[in-house]
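Take a look at the structure below.
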Amino acid sequence: MSTALIIEQLLNGLQFGVMLFLMAAGLTLIFGVMGLINLAHGSFYMIGAFACAAVAAATGSFWIGLAASLAAAAAAGTLVEVAVIRRLYDRDHLDQVLATFALILIFSEATRWLFGSFPLYLDIPPVLAGAVALPGGAHYQLYRLAIIGIGVLVAVGLYYLISRTRLGMRIRAGESDREMIAALGVDIGTLYTMVFALGAALAGLAGALVGALQSVQVGMGEPVLILAFVVIVIGGIGSIKGALVGAVLVGLTDTLGRFLLPKLFTVFLGPADGATTGAALASMLIYIVMALILAFRPKGLFPATA
Amino acid sequence: MAEPVLSIRDLRKSFGALKATDGVSLDLRPGEIHALIGPNGAGKTTLIHQIAGGITPDSGEIIFLGEDIGALGVAARARRGLGRSFQISSLAPEFSALRNVMLAVQSRQGSSFRFFRPVMRDLSLTEPAMAMLERTGLASRANVPAAELSHGERRQLEIAIALALGPKAFLLDEPMAGMGPEGSRALTGFLDGLRHEAPILLVEHDMDAVFALADRISVLVYGRIIATGTVDEIRGDAEVRRAYLGEQP
Amino acid sequence: EPVKVGMITTLSGGGAGLGVDARDGFMLALKLAGDTEIEVVTEDDAMKPELAVQIADKMIQSDQVDLLTGIIWSNLAMAVVPNAVAQGKFYLSPNAGPSPLAGAKCHENYFNVAYQNDNFHEAMGNYAQNEGIKKMFILAPNYPAGTDSLNGFKRYYKGELVGEVYTKLGQTDYAAEIAQIRASGADSVFFFLPGGMGIAFVKQYAQSGVGIPLMGPGFSFSQDVLGAIGDAAIGAKNSASWSKDLDNEANKTFVEAFQKEYNRLPSVYAAQAYDTANLIVSASKKASVKDADAFRAALKEAQFDSVRGKFKFNTNNHPIQDLYVREVVKEGDVLTNKIVGTAFTDHGDAYAEQCKM
Amino acid sequence: MTLLQVSGLESFYGASQALFGVDFSVGQSEVVALMGRNGMGKTTAINSVLGLIRPRGGGVRFIGRDIAGMQSYRIARLGIGLVPEGRRCFPNLTVRENLVAAARQGPWTLTRINSLFPRLEERQDQYAHSLSGGEQQMLAIGRALMTNPQLLILDEATEGLAPVIRQDIWAAIRRLKADGQSILVVDKTLAELLPVADRCFVLEKGRTVFSGKPDELTPELQDRYLGV
Amino acid sequence: MSRERAINLLLAALLLAMPLAALALGELFYITLATRMAILALAAVGLNFALGLGGLVSFGHAAFFGIGGYVAGILSSHAFNQTPMFSWPFEFFGSDQMPTLWLAAMLISALVALPIGAISLRTAGVYFIMITLAFAQMIYYFAISWPAYGGEDGLSIVVRNSFPGVNTAVPLTFFLVSYVLLLAALALFALVRDSRFGAALQAGRQNETRLAAVGIAPFRIRLAAFTISAAITGLAGALLADLNRFVSPSMLSWQMSGELIVLIILGGTGRLFGPVAGAMLFVLFEFVLGGLTERWQFFLGLILLGVVLFARGGLIGVLAGKARHG
Ligand SMILES: Nc1ncnc2c1ncn2[C@@H]1O[C@H](COP(=O)(O)OP(=O)(O)OP(=O)(O)O)[C@@H](O)[C@H]1O
Ligand SMILES: Nc1ncnc2c1ncn2[C@@H]1O[C@H](COP(=O)(O)OP(=O)(O)OP(=O)(O)O)[C@@H](O)[C@H]1O
Ligand SMILES: [Mg+2]
Ligand SMILES: [Mg+2]
């Protein structure tokens, strides 16, 4: 095992982590800050990817596709908030679970209806193709570096929005007591629609950016949903910093686990059995880490309020 | 003098730089009402929480009925006989007033690991609970869910629950708050009699009630007890007037 | 004699493309055969085994179907097939071929018209062996089909394995594996990653610029996913029992008709389902489905014009067929496969001996 | 001029009626006391004015506009500031954030609040959920003032405050009154309330049963309606 | 008799009438469908102990459902193949007797639930949701990659296990067995809900601080509820395995956990018959829509959405009105 490989894997872990953060960013807003259980987050992610793929194919430009993904996801978000979520604020939290579960079914099938059953083509934009050389013989893809950059930007932007602006304070106030913040003269309804749409747009952005690396297909959002929840919960609900740290932790754990555990078990069990046993453990690893963290820090790494 | 029921020795608790409890020692003797007064944020509720077990002190001892209860959890302390009321009402909102009280009766009677007998048909639960509601004047509201009670009624229910535990000492955090003049008067009379069942550590800002009831008063300021004495001693204490009482008529 | 067919396949969610292709291929065959005797009820299994079982029960008990077909995924087949044949129905597999059903748990009423799961992988292993590739890096998800795949490959490939990696089922980011491939010094990479996993892997592999040649079973370069992978797939070698350019009459008719009817190129799933339908048609002409023994015998004879050219059943009712090596090419602006070699002729499977029938 | 005019107000919790016809009004620069025993409907009446409960009957007019059935944020923006019963500070916001989140332009600024309640300034970066009860009460008052309302509604705003602070609050209310601020107060301590109030309304079982000047509220009436 | 109770009786009668009518009409499949409803309802009743009474939203109950299924599958496969499961300290050949399987399924589900609960109950709210999910995912990935019992391909049960004195291969009999177990679980639920234990459990959901302050430690109450809940869901898993004659890791997946939660909400959270109504409705929708259109999931989504938006408190909520609190 060369040092270059280890460095590269560490970078991969970091990159995967930031990518996870990007995927979780919208959910951080909707779930973490606004306190809405939104299972349809993955649907916004999927909508973003499909919008980007379809528009990029039609126009030949990834960037127009990216803009379309933001617009489409934001529109879907607005629709969902106004038509569904808004009616559920004064209900049991569990009603949100059922409603957004139903939305997953609707969005998935509607997407298949519109775009057909086959995965779509979406590639990274040519300007970001290729790799940059890093010291130590490793090189790293430009596009993935760009994702890291955007992820960090989104993190900083969200942090600023939530913690430093009056808008952020009002959102958080709305999470704990909607009625009271309204009684103080804040139009929390419209505010929540906007923020929900922003969260959806972020999910759509992630869908488009990550979609270029993956398969743009119906159902692509479901694994993302679970991972995004994991990341936010590990970090501590409501904390942007926590979500970022949680994401990187998950990214590193997963990548290094996949890389090292099979090697470790191969030593004891031989190549085939070692590889499968190691891989089995690796696939459970992030959940093991999550369970451990929550067992010792029941409110995540960075509890938003004490 | 009789052994104190509850005895606190040099208790300390900090939140960051803030010393919320800064070396507090205090006794609660049998049959007495010991009032704890002090400015807002002085650390009264924090002290009650530490006695009841919700907050772990940084150091110091809490002796209850001769036993150091510092290591016990909230529930265990309640079962030992520490009954408390909350400054900000804390009830089971969906349960009726009666069922809220029954919960305390059930705990007092022993294990909750009984799976089959319906509680509402269990006279050994409903009767004592109803009696408590009657004592606190809530009998007519027995079947109203706690969430639908008015603020003042919830305050009364807090007291009823604490009573139903049949505790060996009461920790009452602002029981008068939110009660109208009538309610306050009734409660004052009520607590006056209650001290014979168990001594009361009473946190209260209603000075009429405190002066009418207290055998002794301790004044807590910035986490420290600056004075302990009888009603007259405290009333006359210049520092207490300045820090807390203001221009009393 | 009318035959009622129950088709359970995946028509929703991420795997819908395969089910849609299978259904379309099946229906096309019936249409071309002009057979009005065969009635088909179709239902979506949503890729859930429990749901597939429920639908099978319904089709058998309520719709009174005579035979079942359509399932794409091994785990669904494992749930449905033993149940269906135990209730005296026929099951004809247009795709999945899990090893237990080919071996110890084989059944006289279960016919696999597609392949035994290991076949494509064995073909690739044989190809790699014959090509004299020295160092292979092999990769599959960590679940039975994945381990079977790599075992199938290793059954024929005897060169050095510089890496054997099992990924997480449903994984979407392969940066870590690609880094290992880059560092491994392999001459070629064999991978089995079905569905979206494969698309993601090939795209990321191409983006990483590693450049070590890729090979895999036909699933990962099948017509249904090539469009999504794009040019990154060009040049990849893959194995299958069928290819659009196979030179026989039945295939020409099929490919042409499929394109005309559905306005896209058929995939291997469509081809297999097309064959399945034709097999049913051929058998129903010879015997009544109500006469199970006669119908079974008629199926076993497999006298239909397969798009794969020759086709016959092994003792375990699994195919004996040729397996080809294909390469991804671009025709105009459409990506597709063309045959570049034959990996096996008249190949059966490794489990037939375990089948006591 | 009448700022707030409530007439024949009827409100329900689900199917059970809580208000059966409540009337009261608050004039410009007037301090009005709303009184009654526990559970008589004071809070319900206030919440109905602010649209937190949608009244089903009767009228609510504020600065000449019919506000019954309007959304509560619109009502609040017309110039009503509420100190709600039970404080209802935003627990996950710091003291400062609680104050500025909904602030509107006007004479009340953070600096002025901080000088009214020095205790809040000391605790400005602490999350409200860990404040002491009295501190939360101060925060709720400060928060309402920060919206610079034309009409300030105080629902048991002195509950849980130390006597000195309570004296400060009453002093502040008197000062506000002198500045021309209109205030509607619910409070249990009549000794402090009656001297500042210009007019009183007494509720019993969801109906207004008395209205008049504080000195018209004779000891007999006090005993009958308030149990003093 | 309250309206809710009347509706409950009606639901129980409907579920029973369905297979009887099916038998009369010769439509055997509807017996299977009713059996599935009963079994899913049983699983959800299990979850309802934790979720409905205790407010413990376990997003990992598929783990117990699946474990129950696997216990039945594994024990009976050993019995069928006459291969020992283990030979120390004694030779054990599994079992194909339902009572044994049920007991084992409940016991093992409970044993697994105990440590999971003990760790998970340190957390609350959404954290609890996620930590239970984490444990279920661990078990899921384990099952997928563990080759001994089929991994992701699952494990088939060749012949339905037997119950002394009756022929379980007869669909109606098996339905009745499941139905009786469902009724028993419902009866247990009703008893527990109204008992002291239930009072403490429900109080803990509403206000944990209050419960502790009267001297009842929430943790032990909840752990007990979580374990009972897991055992019942495990029992349902064993039954489902026998109905499908098959178990696979998809029974352990998070989607399955989600589905169990959805059943409860659909029927009415916190209602005795909520899970029953939910399961009946869900299976019916799935079945009817699946037969009507290939786009059934879209319409299923629309219907579910309609239920949340317009039927406050789920199906029972709409029919019976606001829940009465004792
Ligand atoms: N978790 C915490 N973190 C930081 N500060 C805290 C915390 N809990 C309490 N405090 C602070 O400790 C001080 C004491 O609070 P406590 O609630 O004990 O006051 P109190 O005497 O009961 O006041 P009041 O009469 O207003 O209820 C307050 O200034 C409060 O803000
Ligand atoms: N959320 C609610 N649901 C149902 N009934 C309620 C609710 N809140 C209050 N009530 C009922 O409405 C009536 C009036 O209550 P309200 O809170 O307005 O009284 P109040 O005069 O403010 O009393 P207090 O002095 O105790 O605060 C009471 O009978 C109370 O039980
Ligand atoms: Mg206090
Ligand atoms: Mg009130």
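Letters A, B, ... are given to chains in the order of the sequence lines, protein chains preceding strands, and every chain is numbered from 1. All heavy atoms count here, side chains included; hydrogens, waters and symmetry mates do not.
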Next item on the list: Identify which part of D:I75 has an atom lying under 4.5 Å from any heavy atom of chain A, answering side chain, backbone, both or neither.
Entry: neither
Note to self: Looking at D:R65, I'd like to know if its CZ atom is crowded, meaning that more than 12 non-hydrogen atoms belonging to other residues, nucleotides or ligands lie closer than 6.0 Å.
What the structure shows: no
Checklist line | When D:T94, D:I80, D:L52 are compared by non-hydrogen pairs under 4.5 Å with chain A, the top option | finding: D:L52
Checklist line | D:F90 and A:R172, any side-chain heavy atoms less than 4.5 Å apart | finding: no
Check: Is a donor on one side and an acceptor on the other found under 3.5 Å between the side chain of A:R166 and the backbone of D:V100?
Finding: yes
Next item on the list: Measure across A:G185 and D:A76 and return the closest heavy-atom pair with its distance rounded to 0.1 Å.
Entry: N-CB, 3.3 Å
Item checked: Minimum side-chain heavy-atom gap D:S72-A:E179 below 4.5 Å -> no
Margin query: Would you say that A:D187 contacts D:Y73 through its side chain, given a criterion of any heavy-atom pair below 4.5 Å between the two side chains?
Written below: yes
Next item on the list: Please say whether more than 12 non-hydrogen atoms of neighbouring residues, nucleotides or ligands are located less than 6.0 Å from CZ in D:R96.
Entry: no
Checklist line | Contact class of D:S130 relative to chain A, heavy atoms under 4.5 angstrom | finding: neither
Notebook entry, point to check: Which answer fits A:I188, side chain, backbone, both or neither, if we ask what part of it has an atom under 4.5 Å from a heavy atom of chain D?
Noted result: neither
Notebook entry, point to check: Measuring heavy-atom distances to chain A, does D:R74 have an atom under 4.5 Å in its side chain, in its backbone, in both, or in neither?
Noted result: neither
Margin query: Tell me whether the count of non-hydrogen atoms from other residues, nucleotides or ligands lying under 6.0 Å of CZ in D:F20 goes above 12.
Written below: yes
Note to self: What's the separation between atom CD1 in A:I171 and atom CG in D:L93, rounded to the nearest 0.5 Å?
What the structure shows: 10.5 Å
Check: What are the two closest non-hydrogen atoms of A:S176 and D:N92, and how far apart are they?
Finding: OG-OD1, 3.2 Å
Margin query: Is the shortest side-chain heavy-atom distance between A:M169 and D:N98 below 4.5 Å?
Written below: no
Check: Does atom OH of A:Y160 have more than 12 heavy-atom neighbours, drawn from other residues, nucleotides or ligands, at distances under 6.0 Å?
Finding: no
Check: Could you go step by step and tell me if A:R170 and D:E97 meet the side chain to side chain contact (heavy atoms under 4.5 Å, CB included) rule?
Finding: CA-CA 9 Å; A:R170 290 174 172 185; D:E97 288 174 338; over 6 Å; no
Note to self: Taking every non-hydrogen pair under 4.5 Å, which of D:M146, D:R88, D:R143 racks up the most with chain A?
What the structure shows: D:R88
Next item on the list: Could you tell me whether the side chain of A:M180 reaches within less than 4.5 Å of the side chain of D:R87, counting heavy atoms only?
Entry: no
Item checked: Heavy-atom closest pair, residues D:T147 and A:L184 -> CG2-O, 4.0 Å
Next item on the list: Give a yes or no on this: more than 12 heavy atoms of other residues, nucleotides or ligands lie within 6.0 Å of atom NZ of D:K177.
Entry: yes
